[in-house]
Amino acid sequence: MPSGFSGGDTAFVLISAALVMLMTPGLAFFYGGMVRVKSALNMLAMSFIALGIVTVLWVLFGFSIAFGPDSFHGLIGDFSMLGLRHIGMNQLSGTIPVFAFSMFQLMFAVITPALISGAIADRAKFSAWAVFIAFWVTVVYFPVAHWVFYTDGGKGGWLVDHVGALDFAGGTAVHLNAGIAGLALALVLGKRVGFKKDPMRPHSLPLVMLGSGLLWFGWFGFNAGSALAANGLAGLAFTNTQVATASAMVGWLIFERIKHGAFTTLGAASGAVAGLVGITPACAYISPLGSILLGLVCGVLCAWAISLKYKLGFDDSLDVVGVHAVGGAVGALLIGLLATGGGGSAAKGLFYGGGFAQLGKQAIGVGAVGAYSFVLAWIIGTVIQKTMGFRVSEEVEIAGIDQAEHAESAYDFSAVGAALSKAFSTSAPSTPPASAAKKTAADSPAETKVDA
Amino acid sequence: MPSGFSGGDTAFVLISAALVMLMTPGLAFFYGGMVRVKSALNMLAMSFIALGIVTVLWVLFGFSIAFGPDSFHGLIGDFSMLGLRHIGMNQLSGTIPVFAFSMFQLMFAVITPALISGAIADRAKFSAWAVFIAFWVTVVYFPVAHWVFYTDGGKGGWLVDHVGALDFAGGTAVHLNAGIAGLALALVLGKRVGFKKDPMRPHSLPLVMLGSGLLWFGWFGFNAGSALAANGLAGLAFTNTQVATASAMVGWLIFERIKHGAFTTLGAASGAVAGLVGITPACAYISPLGSILLGLVCGVLCAWAISLKYKLGFDDSLDVVGVHAVGGAVGALLIGLLATGGGGSAAKGLFYGGGFAQLGKQAIGVGAVGAYSFVLAWIIGTVIQKTMGFRVSEEVEIAGIDQAEHAESAYDFSAVGAALSKAFSTSAPSTPPASAAKKTAADSPAETKVDA
Amino acid sequence: MPSGFSGGDTAFVLISAALVMLMTPGLAFFYGGMVRVKSALNMLAMSFIALGIVTVLWVLFGFSIAFGPDSFHGLIGDFSMLGLRHIGMNQLSGTIPVFAFSMFQLMFAVITPALISGAIADRAKFSAWAVFIAFWVTVVYFPVAHWVFYTDGGKGGWLVDHVGALDFAGGTAVHLNAGIAGLALALVLGKRVGFKKDPMRPHSLPLVMLGSGLLWFGWFGFNAGSALAANGLAGLAFTNTQVATASAMVGWLIFERIKHGAFTTLGAASGAVAGLVGITPACAYISPLGSILLGLVCGVLCAWAISLKYKLGFDDSLDVVGVHAVGGAVGALLIGLLATGGGGSAAKGLFYGGGFAQLGKQAIGVGAVGAYSFVLAWIIGTVIQKTMGFRVSEEVEIAGIDQAEHAESAYDFSAVGAALSKAFSTSAPSTPPASAAKKTAADSPAETKVDA
Amino acid sequence: MPEMKIITAVIKPHRLDDVKEALQSFGVHGLTVTEASGYGRQRGHTEVYRGAEYTVDLVPKVRIEVLAEDDDADSVIEVIVKSARTGKIGDGKVWSVPVETAVRVRTGERGPDAL
Amino acid sequence: MPEMKIITAVIKPHRLDDVKEALQSFGVHGLTVTEASGYGRQRGHTEVYRGAEYTVDLVPKVRIEVLAEDDDADSVIEVIVKSARTGKIGDGKVWSVPVETAVRVRTGERGPDAL
Amino acid sequence: MPEMKIITAVIKPHRLDDVKEALQSFGVHGLTVTEASGYGRQRGHTEVYRGAEYTVDLVPKVRIEVLAEDDDADSVIEVIVKSARTGKIGDGKVWSVPVETAVRVRTGERGPDAL
Ligand SMILES: Nc1ncnc2c1ncn2[C@@H]1O[C@H](COP(=O)(O)OP(=O)(O)O)[C@@H](O)[C@H]1O
Ligand SMILES: Nc1ncnc2c1ncn2[C@@H]1O[C@H](COP(=O)(O)OP(=O)(O)O)[C@@H](O)[C@H]1O
Ligand SMILES: Nc1ncnc2c1ncn2[C@@H]1O[C@H](COP(=O)(O)OP(=O)(O)O)[C@@H](O)[C@H]1O
């Protein structure tokens with residue numbers, strides 16, 4: 001390997017990339033457990049497909065747009081790395097192979113759109129969702145990653161290199177970005193049938209807890225791995241990640257106990273995720289004691305913010321706005337207060353004598369990413385809605401989206417299960433299964449509409 | 001980074017810390033799958049909350065108590081690291097950042113109290129449990145970790161540095177400690193309603209298997225990571241961990257086939273965990289062939305030991321005593337027989353010509369930790385029971401602790417699910433939900449007691 | 001540590017070994033979710049037991065047979081490392097401890113037989129399966145690993161060192177090998193009761209998705225870890241693994257949408273696994289763009305190949321042949337077309353101007369492993385079938401193999417669960433539980449046969 | 001002792017809530033619900049698992065039982081039929097059967113008093 | 001052919017075991033059980049998911065069916081009522097209905113012989 | 001209005017498909033199915049969890065309900081009994097009860113027209 005290479009750092013970043021990859025299935029379970037049983041698979045599929053689509057686009061042009069040398073005022077990379085074609089196996093980015101760096105960054109690009117899906121649970125056409133992902137990562141995530149993550153001695157992304165906004169692992173680029181896009185889509189698609197009326201209990205809280213456990217685990221790769229080296233900075237990021245998450249879990253639980261009278265497990269899982277989101281931008285800049293504070297703030301604030309959807313009347317089904325937009329923004333802004341100057345940046349926050357300077361920069365980052373994300377997501381969503389249609393029919397929604405969109409049932413626990421279905425065929429049917437529910441009964445041709 | 005630093009070791013320990021963190025959710029699933037469906041969430045929550053509480057206490061004072069310079073005869077650390085305040089990002093502990101070491105050790109402190117929860121499944125008030133954890137880690141785990149893990153050239157913890165008891169990754173400090181505390185709490189809280197009479201089938205064995213799989217995976221971080229370096233010792237510890245676990249699984253299964261006529265999957269999972277527990281103290285000191293032996297002994301012995309609770313009549317619900325206390329003690333003692341002198345210590349066991357010396361030291365370690373843990377856990381448990389109450393009411397236990405303590409249901413698989421609940425509200429109710437089951441029927445005011 | 005040692009590489013390989021270990025539980029869930037609820041545990045147990053048996057055999061003689069110095073024309077290792085006895089903790093293999101290398105390779109030996117189990121779901125006696133594993137790894141996997149993976153400057157395994165067939169991480173040694181053995185066993189055991197007639201819906205697709213998520217995650221250890229170093233080659237292998245998997249997922253889904261009218265989640269999971277299988281042999285030799293192509297080919301081809309069992313009439317229950325044999329062979333052969341010469345080997349494929357040479361070598365590898373595996377698996381399977389019996393009775397199969405072979409039920413979700421069983425005993429019964437279903441009713445002694 | 005009826009209804013799951021409310025307003029304060037699957041004119045759907053297509057021809061239903069006094073029985077049936085109706089195939093059936101004895105377990109009360 | 005009754009009981013799940021044993025001692029050797037949910041005087045409970053509070057007003061019950069000879073019917077009802085009773089709200093109901101034909105599938109036997 | 005019957009059958013789960021087909025051929029186009037557990041001559045099985053052995057004495061059954069016209073009732077019973085039979089213990093029971101009113105929810109049709 002060329003000089004400057006570090007085996008320890010490479011090991012760390014490669015394993016971190018694997019950890020971040022696992023977060024997308026983790027998210028699938030976190031979300032999938034929270035929906036009703038009739039749309040569990042759709043929820044899982046919306047996350048998994050992000051692994052498929054974004055990875056391919058990343059190779060084709062995503063990496064180049066996000067991390068190619070800046071081509072226009074810190075807004076976008078150039079096209080020198082299309083297809084990852086001219087990258088040598090041993091070419092370095094810092095102390096690690098470019099391929100390792102590229103894979104680590106890819107995993108961020110994968111999970112970001114997957115996060116959005118929680119806002120439109122139970123009601124989005126799967127093909128429309130796939131199209132949305134492809135467009136959204138291309139025109140939103142890849143450029144925004146360039147703004148926020150691509151440093152090049154002052155000539156990199158405009159937020160990080162021109163403005164000086166700090167975002168260590170993606171509070172703005174990932175979480176705020178996804179959260180706001182979720183808000184836009186929730187508005188474009190409208191509310192679920194029965195919103196605020198029908199109870200919509202999570203169908204499997206153990207699945208939610210599994211998801212939160214895997215997210216927490218993978219998040220060490222996300223945050224500590226963002227040091228891109230196995231060093232003291234990674235150690236600090238790791239520590240703050242753990243501490244803020246724990247403290248946000250405690251914060252959320254206390255809020256819930258006071259407001260609703262019970263410590264719920266969903267609250268524990270949600271609080272942990274709120275903490276993970278909040279510490280993401282800040283983990284390299286603040287102290288462990290600062291992380292306890294940040295965690296408490298995020299836990300309580302997000303626990304409160306998720307009730308906004310009922311008050312304001314938008315159906316952000318799984319609280320992507322309340323957790324990711326709010327948590328990401330709060331975490332990014334708190335850097336402006338809590339940055340010690342002794343971590344990954346010399347900038348000091350208000351509480352450490354740095355004045356309002358950093359806070360202002362942070363606000364610019366939050367504002368810019370939020371606004372851009374909202375507008376673009378709204379446009380893409382609306383165009384899809386108007387052209388191919390984004391939302392399934394009411395019948396499909398009531399019967400369950402899994403049946404119509406995926407021709408599957410999530411579970412069959414019945415000892416009697418096999419007995420409950422009949423005909424078996426291995427050849428293509430004349431009508432596609434997705435429309436089978438619409439076939440009318442042979443002996444009642446007049447009755448052409450079949451309800452769920 | 002300062003000289004002496006190793007990127008490879010840091011990568012290894014940070015990832016190991018993440019692996020050990022994953023063990024706590026893994027344990028939650030292992031335990032959660034084993035209880036009846038009506039207390040699944042409570043079981044999960046008892047583990048997850050350990051992540052919350054212990055992490056915060058660790059930052060505040062735990063790390064300092066356990067790994068601060070010894071302040072009194074090897075019994076306890078000093079208070080020089082309260083709040084992790086004066087630790088620099090690049091300050092080293094051995095070849096790795098102090099922050100990395102601290103996080104690795106934290107994960108042990110988190111899982112140890114979580115292990116205890118299995119002994120009191122289905123019947124502990126969640127708030128009482130949270131209080132118990134806070135006190136127990138403070139007065140038991142943190143000091144005991146100091147005794148067993150804190151080395152400082154003979155001036156460290158009394159068991160490791162004065163007595164010379166070997167415990168590589170926590171057979172005494174973690175497993176015996178938790179197992180004995182579990183025994184104490186099982187005695188304090190008493191038996192579940194229906195113990196030895198009602199069948200209490202595991203509600204989800206796949207969840208148990210998931211837990212055991214994650215535990216096994218994470219345990220490589222636990223044991224090999226305890227080398228605190230990516231070196232030959234870590235390789236040996238990894239090897240012995242895998243080998244003893246496999247052989248204990250086989251041992252347990254054979255025992256069960258002979259005694260009960262079937263190879264059960266719960267037996268496979270339990271045998272694996274018994275092996276993991278048993279090899280934990282010994283993994284750096286014995287040979288792979290020795291590990292096969294140790295695994296067989298632990299598998300068979302624990303499979304037998306779990307029947308003691310029925311004979312002796314204490315309700316150690318999920319066999320924390322039979323697996324963790326017995327397995328941890330056996331593993332620690334077997335070092336006295338099987339230590340080769342060629343691994344992490346030059347001390348030789350009886351079978352390798354070392355005589356009884358090491359066995360004696362091991363016995364002191366086992367005795368001291370066991371006795372201390374029992375007494376303190378019993379005292380803390382009793383005080384909580386007498387003051388705030390530790391155990392839920394019989395009505396709550398029969399109806400299911402998840403409903404009363406967490407106001408949730410673990411699953412809702414019914415296609416009809418939504419139809420089974422009605423009123424929906426997003427504002428705080430006048431009475432907290434936890435007590436809703438106690439509301440009397442409006443039209444029968446005389447009948448004030450409502451049964452489950 | 002001796003010179004030549006690398007901490008970064010050791011960290012990487014140890015963690016990779018842990019990742020590969022996790023694949024076996026992952027596989028258990030992937031398979032376990034796909035069967036009906038009445039044989040879920042059996043499916044899990046068939047994978048988990050591989051961890052038990054193979055690990056012990058590996059220590060005793062497996063490692064020596066596979067990776068001991070060649071003792072006969074590249075066919076088999078010698079016996080110099082029986083019991084791993086003379087291996088020093090700090091002895092190196094390349095840049096890492098021998099123990100680390102040995103554990104990494106062990107995990108491959110564990111998962112390979114586990115893969116086979118999918119072909120004989122729902123109908124194999126557990127004890128017979130355990131015996132099969134022990135013999136098959138001994139006479140098939142250990143030698144084949146020697147052929148394919150053991151390099152020693154031209155004096156190693158015959159396929160890798162004499163023929164020059166490339167197989168980076170086990171497309172032939174692991175996947176083709178297991179897939180073909182699965183075919184042999186499916187033929188030996190025959191079809192399930194109700195094959196092609198009864199619907200056999202997966203009982204839990206979320207469990208399948210969990211399995212596929214863990215497999216994907218662990219596979220980074222499998223493939224990138226096979227570089228045995230944290231370097232550029234590992235980065236390339238990691239990249240190609242991610243890319244081919246994503247693209248195979250997309251390929252399978254498109255095929256399914258066209259042929260069956262729906263994007264299924266099982267298709268997404270299956271496509272991902274097909275991609276992982278296909279890229280396994282090739283990941284170090286081709287480019288990311290080549291991986292997109294390879295992924296698409298594997299995704300579509302495997303999606304088509306799984307229908308063969310219905311046409312040809314063998315009951316490869318969970319498509320081990322269609323996914324692992326086909327995917328493994330295709331991946332191995334595509335090296336002959338797509339090898340760039342710039343990765344882990346200087347050999348170039350047909351498309352890169354290397355002519356047909358490498359393709360021919362690849363074909364030899366595929367043919368040799370496939371033929372050897374089929375013949376030996378068929379012989380071992382047949383001998384077991386004729387002696388101890390390999391298949392359960394029809395009654396057991398209908399009632400569910402979990403009850404008879406494991407004396408357990410996978411789930412008990414009923415709020416009423418406890419009420420549904422009665423007598424409770426903790427002592428050994430006079431008749432073993434596995435045969436309890438055969439007890440006749442006391443009051444109808446004439447009716448000695450009890451149906452399910 | 002006046003006679004009683006047991007009225008059984010098999011309806012679409014998402015109508016349960018309305019039926020429950022309608023019965024409640026009518027003055028029926030108890031009922032027993034079981035999950036069921038129905039086979040009839042209403043078609044099921046097709047599922048695909050790795051290329052194998054299965055026709056699921058049982059559709060989820062909810063089965064309700066209401067014990068009612070003889071005099072109320074017809075009205076109860078009417079209330080259920082009205083509140084369960086969507087007008088589309090598969091709305092289900094309601095039938096009633098005369099009951100000989102009805103007892104409240106808690107008190108042993110019989111007949112209409114058992115309700 | 002003597003007439004028969006089908007006795008249906010909706011009881012608390014945790015009483016099933018005792019009811020089963022009581023019936024067994026009485027001489028009834030068969031019964032069929034289904035899981036059910038009951039709505040009545042007994043209140044349900046409240047659940048909270050991310051700040052949304054749901055009232056679950058159906059409580060888990062077990063539904064038992066026992067075919068019995070006419071002469072035994074009253075005693076069977078008595079046995080069930082006694083063994084299922086806890087004395088608290090929600091203990092459930094038992095009712096009986098006359099059966100016209102009863103057949104054992106295995107043998108085709110009818111009436112009391114079918115039991 | 002001709003009388004109707006409600007026929008209830010408790011059978012082995014894996015016979016459901018055949019029963020459904022037999023009824024279909026006979027001309028019965030609707031039925032309602034619930035999962036049930038049966039207790040009777042057929043023995044259950046034993047399970048072992050960490051050394052504790054449980055006897056599961058309820059075996060899975062399927063419970064079928066068919067509304068039929070009076071005239072068809074006996075034939076329907078016959079069809080079910082024949083198609084559900086395996087000849088081994090546990091094949092189950094079938095019984096019929098006269099129905100007073102039967103209504104199709106969708107249309108309000110009564111009696112045989114409700115089928
Ligand atoms: N003969 C029958 N006996 C018992 N239940 C029936 C019968 N026919 C229909 N059902 C039940 O009624 C439901 C609705 O019947 P279906 O024929 O689909 O529609 P509709 O009642 O609107 O004509 C079925 O799913 C089934 O549960
Ligand atoms: N009118 C009814 N018809 C059918 N089932 C009923 C009726 N009323 C009550 N039940 C059943 O009996 C159970 C107990 O009734 P409830 O009113 O709660 O208590 P109790 O019977 O002790 O007065 C209910 O949960 C329900 O399953
Ligand atoms: N007296 C009864 N009342 C209601 N259901 C019964 C009764 N006896 C048996 N059953 C049901 O019939 C099923 C079969 O009965 P069983 O005695 O096992 O066999 P068989 O009917 O072949 O003699 C039981 O599992 C139960 O569901």
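In what follows, every chain begins at residue 1, and chains take the letters A, B, ... in the order their sequences are listed. Owing to the predicted nature of the structure, the values given are computational and were not obtained by experimental measurement.
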When rounded to the nearest 0.5 angstrom, what distance separates CE in A:Met21 from OG1 in C:Thr241?
11.5 Å
Using non-hydrogen atoms and a 4.5 Å limit, figure out which bit of C:Val243 sits close to chain A: side chain, backbone, both or neither.
both
Is chain A contacted by the side chain of C:Ser6, its backbone, both, or neither, given a heavy-atom distance below 4.5 Å?
neither
By a 4.5 Å heavy-atom criterion (distance strictly below it), what part of A:Ala28 contacts chain C: side chain, backbone, both, or neither?
neither
Just do the side-chain contact (heavy atoms from CB on, under 4.5 Å) check on C:Leu205 and A:Asp402 with the steps written out, would you?
CA-CA 11 Å; C:Leu205 283 173; A:Asp402 286 0; over 6 Å; no
Pairs of heavy atoms under 4.5 Å with chain A: top-ranked of C:Gly343, C:Ser287, C:Ala268:
C:Gly343
Derivation and outcome, side-chain contact (heavy atoms from CB on, under 4.5 Å), residues A:Asn42 and C:Thr265
CA-CA 8 Å; A:Asn42 179 250; C:Thr265 51; over 6 Å; no
Considering only heavy atoms and a distance below 4.5 Å, find which of C:Gly213, C:Gly218, C:Ser204, C:Ala248 pairs most often with chain A.
C:Ser204
Scored by heavy-atom pairs under 4.5 Å with chain C, the best of A:Leu51, A:Leu84, A:Val59 is A:Leu51
Considering all heavy atoms, the nearest C:Ala246-A:Thr55 contact:
CB-CB, 3.4 Å
Region of A:Leu60 that comes under 4.5 Å of a non-hydrogen atom in chain C:
side chain
With a 4.5 angstrom heavy-atom cut-off, could you sort out which part of C:Met209 is near chain A: side chain, backbone, both or neither?
both
At a heavy-atom separation under 4.5 Å, does C:Leu236 approach chain A through its side chain, its backbone, both, or neither?
both
Between the CG atom in A:Leu41 and the CG atom in C:Leu266, the distance rounded to the nearest 0.5 Å is 9.5 Å
Is C:Ala234 in contact with chain A via its backbone, its side chain, both, or neither, using a 4.5 Å heavy-atom distance?
both
From A:Leu22 atom CG to C:Leu214 atom CG, the distance as rounded to the nearest 0.5 Å:
6.5 Å
Say you draw a straight line from CG of C:Leu19 to CD1 of A:Ile15; how long is it, rounded to the nearest 0.5 Å?
5.0 Å
At a heavy-atom separation under 4.5 Å, does C:Pro206 approach chain A through its side chain, its backbone, both, or neither?
both
In terms of heavy-atom pairs under 4.5 Å, which option from A:Gly8, A:Gly7, A:Ala40, A:Ala18 contacts chain C the most?
A:Ala18
Of all of C:Leu207, C:Val13, C:Asn231, C:Val208, which one pairs up most often with chain A through heavy atoms under 4.5 Å apart?
C:Asn231
For A:Glu405 and C:Ala262, which heavy atoms make the closest approach, and how far apart are they?
O-CB, 4.2 Å
Pick from A:Gly83, A:Ala45, A:Ala410, A:Pro25: which one has the most heavy-atom pairs with chain C under 4.5 Å?
A:Ala410
Toward chain C, the part of A:Phe12 with a non-hydrogen atom under 4.5 Å:
neither
Throw together a table of side-chain donor-acceptor distances under 3.5 angstrom for residues 95-113 of chain A, partners on residues two or more places apart or in other chains.
unit_1: A:Thr95; atom_1: OG1; unit_2: A:Asp9; atom_2: OD2; d: 2.8
unit_1: A:Ser102; atom_1: OG; unit_2: A:Trp58; atom_2: NE1; d: 3.1
unit_1: A:Thr112; atom_1: OG1; unit_2: A:Phe108; atom_2: O; d: 2.7

Run C:Phe263 and A:Ile49 through side-chain contact (heavy atoms from CB on, under 4.5 Å) and show every step you take.
CA-CA 10 Å; C:Phe263 298 108; A:Ile49 194 63; over 6 Å; no
Under 4.5 Å heavy-atom distance to chain A, tell me which part of C:Phe220 shows up: side chain, backbone, both or neither.
side chain
To the closest 0.5 Å, what do you measure between CZ (A:Phe48) and CG (C:Leu253)?
11.5 Å
How long is the span from the CG atom in C:Asp412 to the CZ atom in A:Phe413, to the nearest 0.5 Å?
12.0 Å
Between A:Asn90 and C:Leu233, does the side-chain contact (heavy atoms from CB on, under 4.5 Å) criterion hold? Intermediate values first, please.
CA-CA 7 Å; A:Asn90 294 329; C:Leu233 186 61; 6.0 Å; no
